[in-house]
Structures are given as structure tokens and as C-alpha cells.
Number of protein chains: 2
Amino acid sequence: MKKIDILKKLRSSGLRPTKQRVEIAKFLFEREKTFHFTVESLNKLLTKKSASKIALATIYNTVHAFKTAGHLSEVEVRGNKTYFDTNVSNHHHFYDSDTSELIDIDANDVIIQKIPKAPNGKKIKNVEVFINLKN
Amino acid sequence: MKKIDILKKLRSSGLRPTKQRVEIAKFLFEREKTFHFTVESLNKLLTKKSASKIALATIYNTVHAFKTAGHLSEVEVRGNKTYFDTNVSNHHHFYDSDTSELIDIDANDVIIQKIPKAPNGKKIKNVEVFINLKN
DNA sequence: ACCCTAGTTTATAATTATTCTAAAGTGAAA
DNA sequence: TTTCACTTTAGAATAATTATAAACTAGGGT
Ligand SMILES: [Mn+2]
Ligand SMILES: [Mn+2]
Ligand SMILES: [Zn+2]
Ligand SMILES: [Zn+2]
């Protein structure tokens with residue numbers, strides 16, 4: 001994704017393209033493959049890569065703003081930190097608890113033959129599959 | 001599960017059956033259906049139900065001891081708190097994010113027809129399915 | 001171009017969940 | 001009974017996240 005698209009992406013979701021947001025967005029979205037991260041890891045990587053340091057609170061604010069805008073999704077993994085995902089399409093994950101690493105699985109690579117019907121009065125929003133790995 | 005079995009369960013896993021552990025174990029394991037809880041919710045319920053109050057640190061200690069002994073499992077759900085589960089068999093969950101409620105799904109009620117092979121050098125430990133609910 | 005202001009960033013405090021510490025208490029082996 | 005390793009406990013410490021409120025800024029209106 002190019003910088004012009006980054007600006008479009010921000011503006012179209014009502015987010016003023018500030019220096020900090022553009023820098024974070026470029027870091028997150030100008031890449032080929034899905035990126036999974038925690039706020040802590042993102043902060044470290046940004047600090048390493050970039051000259052100007054962005055306040056931690058801003059990283060929290062920005063990541064949440066991007067999530068609310070639908071540009072990031074949140075992935076549930078065991079542990080105390082919240083994981084985010086640049087892949088916002090419906091998909092599944094391998095999870096390697098040794099390395100705390102997530103790997104995407106395309107929705108088409110998992111076929112579920114049978115699931116129970118939702119409880120009374122509830123509907124199924126989506127189905128998430130986690131394949132936990134070991135060595 | 002009866003009290004005598006509770007004592008057996010504790011002793012057989014090298015846990016001295018103290019007053020606090022027995023009380024928590026009875027609360028958790030003397031029931032028909034699976035119980036999903038957080039330390040906070042367990043603490044509230046124990047305080048309400050019981051006369052003697054157990055220190056929060058003891059509840060943390062005990063829950064972890066039970067988990068290590070294989071009497072509880074940990075369930076990953078979105079959010080900041082850790083969820084525990086008295087069902088330690090391989091099974092799946094409905095998750096109602098409105099109520100933060102987990103509902104068991106028997107392993108046999110989910111049939112997965114196709115999953116990708118594990119990444120290089122890794123093996124599949126287990127597969128967990130989460131069915132997220134809406135109203 | 002300059003103002004103006006709502007939106008944003010920032011340092012820091014506050015909150016929440018959990019773990020650590022170390023002193024006091026206790027189950028059970030001998 | 002005595003003894004002591006194990007356990008409980010209150011409170012401090014840590015870790016992740018959110019709240020606060022003052023300073024800053026993007027960008028529409030003039
Ligand atoms: Mn979690
Ligand atoms: Mn989490
Ligand atoms: Zn992903
Ligand atoms: Zn369960």
C-alpha cells in the first residue's frame with residue numbers, strides 16, 4: 001500500500017492524517033504479508049525504525065482508532081497482552097505458544113463439516129479456529 | 001463429586017487438602033455442569049456463599065495449583081481477564097461477547113474436514129474452535 | 001496567509017489484573 | 001506432641017492498559 005492510499009485510508013475513516021498516524025499506518029500497512037503484533041512489540045519496532053519517538057499512549061490511541069475503523073482486528077491468544085492483526089478478513093490461525101507467534105490460515109484452508117446450532121435466541125457471528133502448535 | 005473424592009483429588013496431585021483448597025475445590029468440582037470463571041468472579045461467588053473469607057492471593061494460588069495439576073484448564077477469550085474451565089477434556093466453546101459467557105461444545109459436535117498441515121518442523125498440538133455469538 | 005478550534009498528542013497519574021514477598025499459620029509425618 | 005515444609009495472607013510490586021488534562025496542530029473559514 002502506497003502513501004497516497006494511506007492518506008486516503010485515514011481520511012475515509014474520519015481520522016486526521018497526523019504525522020504519528022501516518023507513520024504508524026505506513027509501518028503497519030505498507031507490507032505484503034499479514035502482521036501480528038502487540039502494542040508493546042509495535043512500540044519497540046517503531047522506536048527502532050523511526051527517528052521521532054511516538055508516545056506510548058499515542059500508539060494505544062492509534063491502534064484502537066485503526067481497529068474501530070476496521071483497519072485492524074484483534075486476535076485472542078493466551079496471555080495477558082492484546083494481539084492485533086493487519087488481516088481483517090475472516091481467517092484462522094496457527095498459534096505457536098513457544099514463540100507466541102501467530103500464523104494466518106486462509107479461511108478456505110479450513111472446512112468445517114459440522115457445528116452445533118446456536119443456543120436459544122442467539123445467532124452465530126463467526127467461527128474461529130485456532131491450531132495450537134508444538135515442536 | 002463428593003467430599004471424599006475431593007480429598008482424594010487433592011492428595012493424589014500432591015496438594016495438601018487445606019481448609020481453603022477444600023472449600024474452593026468443593027465449590028468448583030461438586031457440580032454437574034462445566035463451570036467457566038475468572039479469578040474475580042470466583043472470588044465474588046466464594047465471598048457470597050461462604051462464611052470464612054479466603055484471601056485473593058490464595059484464590060490465585062489455588063486456581064493455578066489446580067490448573068497445574070490438570071483439574072482446571074484455561075480458556076482464551078477476548079478481554080483482559082483469564083478464564084478457567086472445570087472441563088479439562090478436549091472440547092470447544094460458544095462465546096457470547098455480550099455477556100462474556102462461555103458455553104461448552106462437545107468435541108464430537110464439531111467435525112473438521114480439512115485443516116492445513118503444520119508449518120515446517122512444527123506439529124499440531126490441538127485444534128480449538130470458537131463460535132462467536134450475536135443476538 | 002492567518003485564525004480558530006476541534007481533534008490529537010503527550011507526560012503522567014490512575015486503574016486493573018496478576019504476581020511477589022515475607023511473616024504468620026497449619027497439616028501431617030514421625 | 002513436636003516439628004517443619006508447605007500454605008495462607010496482607011500488602012507491595014509489576015505489567016498492561018486507560019484516563020486526565022495541558023500543549024500542540026491540521027485544516028476549514030476568513
Ligand atoms: Mn486473553
Ligand atoms: Mn487477551
Ligand atoms: Zn491473522
Ligand atoms: Zn469449557
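Values below: every heavy atom of this structure, side chains too, minus hydrogens, waters and symmetry copies. The structure displayed is predicted, hence computed values, not measured ones. Just so it is clear: chains get the letters A, B, ... in the order the sequence lines come, proteins before strands, and each one is counted from 1.
- For the pair B:L10 CG and C:dG27 C1', the computed distance is 13 Å after rounding to whole Å.
- When each of B:T62 and A:A57 is assigned the nucleotide of DNA chain D with its nearest heavy atom, B:T62 is the one assigned upstream, toward the 5' end.
- Atom NZ of B:K81 and atom P of D:dT17 are 15 Å apart (whole Å).
- No side-chain N or O of A:Q20 forms a donor-acceptor pair with one of A:T62 less than 3.5 Å apart.
- When the side-chain nitrogen and oxygen atoms of B:Q20 are compared with OP1 and OP2 of C:dT26, none of them lie within a distance under 4.0 Å.
- Inspection of the A:H36 and A:D104 side chains reveals an N or O donor paired with an N or O acceptor under 3.5 Å.
- Between the NZ atom of A:K44 and the P atom of D:dA15 there is a distance of 11 Å, given to the nearest Å.
- Contact between the side-chain N/O atoms of B:T38 and the OP1/OP2 oxygens of C:dA17 is not found at any separation under 4.0 Å.
- Note: B:F66 and B:F29 have tilted aromatic rings, judged against thresholds of 30 and 60 degrees for the angle between ring planes.
- Residues A:E40 and A:N61 both approach DNA chain D. Their nearest nucleotides, taken by heavy-atom distance, put A:E40 toward the 5′ side.
- Protein atom CG of B:N80 is 13 Å distant from nucleotide atom P of D:dA16, rounded to whole Å.
- Not a single salt bridge (Lys or Arg N to Asp or Glu O under 4.0 Å) links A:E101 to another residue, sequence neighbours left out.
- Between B:Y60 and C:dT19 there is no side-chain polar atom (N or O) within less than 4.0 angstrom of OP1 or OP2.
- Distance B:L15 CG to C:dA28 C1': 15 Å, rounded to the nearest Å.
- As rounded to whole Å, 11 Å separates atom P of C:dT8 from atom CZ of A:F66.
- A:F84 has its CZ atom 14 Å from the P atom of D:dA16, to the nearest Å.
- B:P116 has its side chain within reach of A:I131: a pair of non-hydrogen atoms, C-beta onward, lies under 4.5 Å apart.
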Treating primed atoms plus P, OP1 and OP2 as sugar-phosphate and everything else as base, which nucleotides of nucleotides 23-30 of chain D get B, S or - for protein heavy atoms under 4.0 Å? --BBS---
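- If you take CD1 of B:I54 and C1' of D:dT7, they are 13 Å apart, rounded to a whole angstrom.
- Looking only at atom types and distance, the side chain of B:K123 has no donor-acceptor partner in the side chain of A:N135 under 3.5 Å away.
- A side-chain contact (heavy atoms from CB on, under 4.5 Å) with B:V77 holds for exactly one of B:L102, B:T82, B:N132, B:T38; it is B:L102.
- The side chain of A:H64 places an N or O atom within less than 4.0 Å of a non-bridging phosphate oxygen (OP1 or OP2) of D:dT18.
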